[in-house]
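Each ligand, and each atom within it, is numbered from 1 in the order the structure gives. Side-chain atoms are counted along with the backbone in the values below, which use heavy atoms only and exclude waters and symmetry mates.
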Amino acid sequence: MRAMQSPHASNQPRVVLLGTGGTIAGSGTSGAAVGAGSAAYQSAVVTAQDLIAGVPGLSALAELQAEQIFQIDSADFTDEHLLRLARRVAALCARADVDAVVITHGTDTMEETAYFLHLTVPSGKPIVLTGAMRPGTALAADGPANLLHAVAVAAHPSSAGRGVLVVMNEEIHSGRDVAKAHSLRMDAFASPHGALGAVVEGAPRWYRRVERAHGKTSEFDIDRIDALPLVGLVASHGNMRVEIYDSWAALGARAIVHAGFGGGTVPDYLKAPLAGLRARGVLLVRCSRTGDGPVVRNASIDDDAHGWVVADDQNAPRARLLAALALSRSSDPAAVQAVFLRY
Ligand code: ASP
């Protein structure tokens with residue numbers, strides 16, 4: 001394998017492994033059956049350095065340096081964690097002696113972190129997230145192979161310029177699209193438009209590229225973002241209550257993502273109360289609670305008249321992040337709408 005930047009002692013790509021915790025760093029009692037020991041364990045206990053030591057094949061792929069930025073379950077990620085991680089990844093990518101970054105992360109919120117980095121780190125160097133559905137102590141643990149594949153993808157020159165990648169279960173997904181779609185299975189990750197590629201015989205094989213803006217073509221540079229505006233999220237169900245939206249508004253939310261039924265619909269009994277949000281400076285962003293497929297502007301609802309925005313094909317958690325980034329630049333609904341169609 002070729003070095004991706006200036007020549008150095010080992011001539012291997014230099015990859016920084018940032019450990020954040022999650023099940024890949026988890027430990028529990030081994031079960032006797034395949035899969036046993038996969039649900040009850042303590043997450044975020046094994047260090048990034050020990051994860052590297054546990055996969056000897058890594059040294060053949062890259063010169064690795066471990067850094068423990070957090071040691072948490074990914075459910076505990078806040079916007080502050082996202083901002084800190086993005087700043088660190090951007091700083092590492094700016095260094096001439098770093099060719100790529102691999103981030104080990106809990107699977108529960110990996111899609112949010114991957115998307116945030118995809119939008120805010122202005123670099124074309126490979127940035128790859130991976131994790132595990134089973135702790136290292138479970139039979140058939142998936143962490144070691146996922147880590148090996150993540151480093152193989154990060155170290156490969158063909159991975160540059162594709163945006164942030166998620167490597168899980170031998171598949172390579174885009175941080176724009178991927179979502180955790182199963183609570184337990186090893187093939188828990190899926191992208192509505194399909195994976196970008198696969199890890200075949202230890203190397204990436206690509207099948208498609210992401211069309212939308214990211215990385216160097218994104219207007220959201222982490223070095224110019226101090227904090228994220230508050231954006232709420234409300235999932236649709238029968239018998240909804242407007243007070244939930246009012247609570248977000250009272251908390252100071254600048255937008256509320258409404259994960260509506262089907263095409264992002266709003267029940268008739270909520271239309272009039274929600275119309276009042278605009279006057280309070282709160283933008284409603286309509287997405288679909290199905291998690292797949294676009295929401296079409298001005299189709300079943302007159303978004304122009306309400307001053308509302310549609311999230312295109314973004315799922316609710318990612319729509320929250322994109323709305324926050326858009327609002328960090330402008331609160332004009334037309335500008336926010338343009339962002340949802342560009343990213
Ligand atoms: N609860 C864990 C986490 O997201 C689950 C996992 O990593 O698979 O940190």
Side-chain angles (χ1 to χ4, degrees), residues 17-31 34-52 54-55 66-86 88-89 101-118 127-151 153-154 164-173 175 177-191 195 199 233 291 315-318 320-321:
L17 179 81
L18 278 179
T20 73
T23 296
I24 192 166
S27 179
T29 45
S30 295
V34 172
S38 62
Y41 59 91
Q42 195 184 347
S43 136
V45 288
V46 181
T47 65
Q49 190 62 56
D50 285 346
L51 287 178
I52 293 176
V55 187
E67 190 176 310
Q68 195 75 47
I69 183 161
F70 313 123
Q71 187 64 302
I72 57 174
D73 189 291
S74 75
D76 294 327
F77 259 75
T78 62
D79 288 352
E80 284 68 38
H81 289 95
L82 284 182
L83 293 166
R84 213 179 119 197
L85 180 63
R88 185 64 191 138
V89 174
V101 176
V102 170
I103 301 157
T104 52
H105 197 290
T107 60
D108 288 345
T109 65
M110 193 186 286
E111 68 205 69
E112 288 166 75
T113 300
Y115 189 49
F116 190 72
L117 299 176
H118 184 76
I127 300 164
V128 180
L129 282 88
T130 195
M133 293 301 293
R134 295 176 178 173
T137 42
L139 276 171
D142 52 335
N146 285 343
L147 183 56
L148 190 72
H149 292 156
V151 172
V153 170
V164 170
L165 304 168
V166 168
V167 172
M168 290 289 291
N169 198 40
E170 300 182 359
E171 289 182 328
I172 311 169
H173 294 270
D177 300 331
V178 72
K180 185 173 180 178
H182 195 278
S183 61
L184 271 181
R185 276 197 331 232
M186 305 267 234
D187 61 340
F189 281 76
S191 298
V199 181
L233 197 166
N315 71 11
R318 282 197 302 264
R320 179 187 82 85
L321 290 171

Do L129 and L165 have side-chain heavy atoms sitting under 4.5 Å apart? no

Can you list the ligand 1 atoms lying under 4.0 Å from a non-hydrogen atom of A132? 6 (C), 7 (O), 8 (O)

Considering only protein heavy atoms, which is closest to atom 9 (O) of ligand 1, and at what distance to one decimal place? S74 N, 2.7 Å

Are any of the N/O atoms in T107 less than 3.5 Å from those in ligand 1? yes

F116: what forms a ring-ring contact (aromatic ring centres under 6.0 Å, His included) with it, not counting sequence neighbours? none

Those residues that, when tested against E170, pass side chain to side chain donor-acceptor pair (under 3.5 Å) (two or more places apart): none

Per-atom filter on ligand 1: closer than 4.0 angstrom to a heavy atom of T23 are 2 (C), 5 (C), 6 (C), 7 (O), 8 (O)

Counting from 1, what ligand 1 atoms have a heavy atom of G22 closer than 4.0 Å? 7 (O), 9 (O)

Check: D177 main-chain N/O paired with R318 side-chain donor or acceptor under 3.5 Å: yes

Under 3.5 Å between any N/O of T109 and any N/O of ligand 1: does that happen in this structure? no

Does A188 have a non-hydrogen atom less than 4.0 Å from ligand 1? no

Minimum side-chain heavy-atom gap K180-D108 below 4.5 Å: yes

With under 30° as parallel and over 60° as perpendicular, where do the rings of H118 and Y115 fit, or are they tilted in between? parallel

